[in-house]
Chemist: 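Just dropping this structure here.
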Amino acid sequence: MFAVPKPPVIVWFRQDLRLADNPALGHAAQSGRPVVPVYILDDHTPGPWAPGGASRWWLHHSLAALSGALAGLGCPLILRRGRADVALRALVRETGAEAVVWNRCYEPHAIARDSTLKADLKAEGIAVDSFNAALLAEPWTVKTGTGGPYKVFTPFWKAVREGLDPGRPEPAPRHLATLPTPPDSDRLADWGLLPTRPDWAGGLRDSWTPGEAGARQRLEDFLARAVARYPEGRDYPAQPLTSRLSPHLHFGEISPRQIWAAAQAQAKTQGSDGVDSFLRELGWREFCHHLLYHFPFLSERPLNPKFEAFAWDDNAGHLAAWQRGLTGYPIVDAGMRELWATGWMHNRVRMVVGSFLVKHLLLPWTAGQAWFWDTLVDADLANNTASWQWIAGCGADAAPYFRVFNPVLQGEKFDAKGDYVRRWVPELAGLPDRVLHQPWTADPITLRTAGVRLGHDYPHPVVEHKAARQRALDTFAAIRDDN
Ligand code: FAD
């Protein structure tokens with residue numbers, strides 16, 4: 001007698017591309033039913049928030065890694081393309097699945113799609129379970145004394161940390177039951193996620209190892225090598241003293257719970273230097289997700305409505321100079337070129353280039369948000385949006401309007417020896433430190449000795465700092481006073 005096979009459970013992978021500490025996958029594995037893991041490339045993300053070029057590159061490699069890991073358990077990853085709800089329902093019909101599980105996403109369009117889908121599937125008798133795999137504290141669990149959302153980081157983080165026990169991360173399942181014949185799957189290579197003409201991803205390939213194993217390795221290296229020096233070192237872009245876990249976190253190749261547990265274990269055995277400071281940055285990630293959940297318009301509109309009428313400039317030439325790293329301000333240009341080459345930029349420099357865009361150039365924060373969205377491998381709707389609004393002064397806990405980063409002083413303070421600028425702006429490498437961050441002040445002999453012809457090898461500044469600062473102060477003050 002053959003046993004009648006149990007109907008399978010579908011595990012819908014989204015931003016949780018890992019096997020370990022994956023509650024939806026763990027739930028499916030424990031059910032003892034055959035597991036059908038699926039990833040759906042949804043071409044119907046509303047608005048401009050379909051993955052950008054750098055994110056698509058990462059996604060390709062992350063899916064390849066996940067697919068390999070699942071194949072190791074004898075359970076092939078099914079790839080489908082199209083409207084996620086339609087594709088998922090088709091797979092339910094094809095496989096006769098009676099249960100679907102997923103880990104929750106928090107972008108407004110994902111919440112809307114998932115809640116409708118959940119209700120519809122349940123109405124058709126399909127069991128649906130969703131889980132938290134991405135946050136230490138889901139947005140609706142953290143409330144101010146009056147029951148509302150937080151808009152200031154420090155009390156938010158205090159409230160999250162109080163009594164926080166994320167629990168122990170779950171190991172990857174050691175076994176998955178499978179269907180005798182897996183459903184049809186697209187071929188990853190046919191999705192065209194990788195750039196071809198031209199192939200601009202060489203710098204990304206050299207910089208990153210997408211996938212769960214790469215994420216684990218990054219965390220181990222960071223904890224062993226850098227976390228103790230993180231509080232002082234995290235502001236110096238030439239020093240590799242931050243974790244670079246951001247793309248791994250965005251794609252869910254590692255969970256904040258795993259990071260939390262590893263950091264706490266490290267604090268117990270090796271000492272706690274730097275651990276709190278590092279976990280606080282994870283707190284900013286939580287805060288950004290909290291904000292986007294409670295203010296779902298955030299990616300499109302300023303949190304402070306006064307900014308809706310802000311008199312932004314629209315100088316296309318300035319925007320292009322900023323995007324290409326040709327503003328004439330070395331620290332700004334170094335950051336923009338690091339971004340273009342590697343898909344990542346150091347946080348200190350993100351703040352400097354962001355401030356330069358919205359204050360010196362008076363270009364809208366949404367232009368910076370869109371460029372970062374396309375070029376960052378860690379592009380994340382919550383983190384990117386909230387950070388840009390913070391820089392522009394229109395978001396939560398925002399930088400005061402009169403804070404205008406001076407790109408020369410920022411460079412001299414955080415890249416005093418010029419290693420960062422020399423790496424990313426090699427045409428200035430021969431300049432001495434004293435003029436490296438303001439080459440226009442160098443005398444002709446110094447410039448000639450360094451082989452720099454301003455206006456030929458490297459641009460003159462696109463705006464003059466003092467005048468640009470004053471213009472920003474005047475424009476921002478007008479919005480502040482215009483009650
Ligand atoms: P670490 O210093 O090692 O921090 C650990 C983790 O904490 C990060 O991986 C990240 O997940 C989180 N984190 C750290 N700083 C922040 C922060 N300020 N806000 C939110 N989360 C934080 N981060 C993104 O992940 N995606 C984005 O699209 C993004 N856009 C940004 C845009 C601007 C204008 C600015 C100023 C910051 C942006 N950040 C974004 C936040 C921050 O710059 C990056 O998370 C950080 O540089 C990633 O490097 P890391 O992993 O080495 O960080």
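Both counts, for ligands and for their atoms, begin at 1 and track the order of listing. This one's a predicted model, so the numbers in the text were calculated from it and none came from an experiment.
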Chemist: When you measure from the side chain of Asp276 to the backbone of Arg280, do you find a donor-acceptor pair of N or O atoms at a distance under 3.5 Å?
Modeler: no
Chemist: Which protein non-hydrogen atom lies closest to atom 30 (N) of ligand 1, naming both residue and atom, and how far is it?
Modeler: Asn384 OD1, 3.2 Å
Chemist: Could you tell me whether Ala379 approaches ligand 1 through its side chain, its backbone, both or neither, with non-hydrogen atoms closer than 4.0 Å?
Modeler: backbone
Chemist: Within ligand 1, which atoms have a heavy atom of Asp380 less than 4.0 Å away?
Modeler: 26 (N), 27 (C), 28 (O)
Chemist: What is the closest protein heavy atom to atom 26 (N) of ligand 1, and at what distance does it sit?
Modeler: Asp378 O, 2.8 Å
Chemist: Looking just at side-chain N and O atoms, do Gln438 and Tyr329 make a donor-acceptor pair shorter than 3.5 Å?
Modeler: no
Chemist: Any side-chain heavy-atom pair from Leu79 and Val38 closer than 4.5 angstrom?
Modeler: no
Chemist: Do we see a donor-acceptor contact under 3.5 Å between the side chains of Arg104 and Ser130?
Modeler: yes
Chemist: Between Ala392, Gly52, Ser246, Ser55, which one has a non-hydrogen atom sitting closest to atom 8 (C) of ligand 1?
Modeler: Ser246
Chemist: Note the single closest protein heavy atom to atom 29 (C) of ligand 1, along with its residue, its atom name and the distance in Å.
Modeler: Arg350 NH1, 3.3 Å
Chemist: Could you pull out, from Thr375, Ile254, Leu282, the option with a heavy atom nearest to atom 6 (C) of ligand 1?
Modeler: Leu282
Chemist: In the protein, which heavy atom is nearest to atom 19 (N) of ligand 1, and how far is it?
Modeler: Trp284 CB, 3.7 Å
Chemist: Would you please name every residue forming a salt bridge (charged side-chain N to carboxylate O under 4.0 Å, His left out) with Arg350, sequence neighbours left out?
Modeler: Asp378
Chemist: Name the residue from Leu376, Val353, Val377, Val349 that meets the side chain to side chain contact (heavy atoms under 4.5 Å, CB included) definition with Leu339.
Modeler: Leu376
Chemist: Quick one: which of Phe278, Phe372, Trp344 has a heavy atom closest to atom 49 (O) of ligand 1?
Modeler: Trp344
Chemist: Kindly give the heavy-atom pair with the smallest separation between Ala367 and Leu319, and that separation in Å.
Modeler: CB-CD1, 4.1 Å
Chemist: Are Gly354 and ligand 1 in contact, using a heavy-atom cut-off of under 4.0 Å?
Modeler: no
Chemist: Using a strict cut-off of 4.0 Å, indicate which atoms of ligand 1 neighbour a heavy atom of Leu245.
Modeler: 9 (O), 51 (O)
Chemist: Which one of Tyr230, Phe153, Phe287, Trp373 has a non-hydrogen atom at the shortest distance from atom 2 (O) of ligand 1?
Modeler: Tyr230
Chemist: To which protein heavy atom is atom 38 (C) of ligand 1 closest, and what is the distance rounded to 0.1 Å?
Modeler: Ser387 OG, 3.4 Å
Chemist: Could you check whether Lys359 makes a cation-pi contact with Phe476, meaning its NZ or CZ is under 6.0 Å from the centre of the six-membered ring and within 45° of the ring axis?
Modeler: yes
Chemist: Among Glu253, His250, His248, whose side chain to side chain donor-acceptor pair (under 3.5 Å) with Trp58 holds?
Modeler: Glu253
Chemist: Counting the benzene-type ring for Trp, do Tyr420 and Tyr236 have ring centres under 6.0 Å apart?
Modeler: no
Chemist: Which of the listed options, Leu219, Val377, Leu249, holds the heavy atom that is closest to atom 11 (O) of ligand 1?
Modeler: Leu249
Chemist: Would you mind checking which non-hydrogen protein atom is closest to atom 43 (O) of ligand 1, with the distance to 0.1 Å?
Modeler: Asn347 OD1, 2.7 Å
Chemist: Looking at ligand 1, does any of its N/O atoms fall within less than 3.5 Å of an N/O of Arg234?
Modeler: no
Chemist: Look at atom 13 (N) of ligand 1 and say which protein heavy atom is nearest, naming residue and atom and giving the distance to 0.1 Å.
Modeler: Glu281 O, 3.4 Å
Chemist: Would Arg244 count as a contact residue for ligand 1, given that I'm defining contact as a non-hydrogen atom of the residue lying under 4.0 Å from a ligand atom?
Modeler: yes
Chemist: Given 3.5 Å as the limit, does a donor-acceptor pair link the side chain of Asn384 with the main chain of Ala379, or not?
Modeler: no
Chemist: Write out the residue and atom name of the closest protein heavy atom to atom 53 (O) of ligand 1, then the distance separating them to 0.1 Å.
Modeler: Ser243 OG, 4.1 Å
Chemist: Indicate, as side chain, backbone, both or neither, the part of Phe222 found under 4.0 angstrom from ligand 1 when only non-hydrogen atoms are considered.
Modeler: neither
Chemist: Measuring only between side-chain heavy atoms, which start at C-beta, is Phe356 closer than 4.5 Å to Thr327?
Modeler: yes
Chemist: Would you say Trp390 touches ligand 1, if touching means a heavy atom closer than 4.0 Å?
Modeler: no
Chemist: If you count the atoms of ligand 1 from 1 in the order shown, which ones are under 4.0 Å from a heavy atom of Leu376?
Modeler: 27 (C), 28 (O), 30 (N)
Chemist: Check each of Asn103, Asp42, Asp114 against Arg14 using the side chain to side chain contact (heavy atoms under 4.5 Å, CB included) test, and report the only one that passes.
Modeler: Asp114
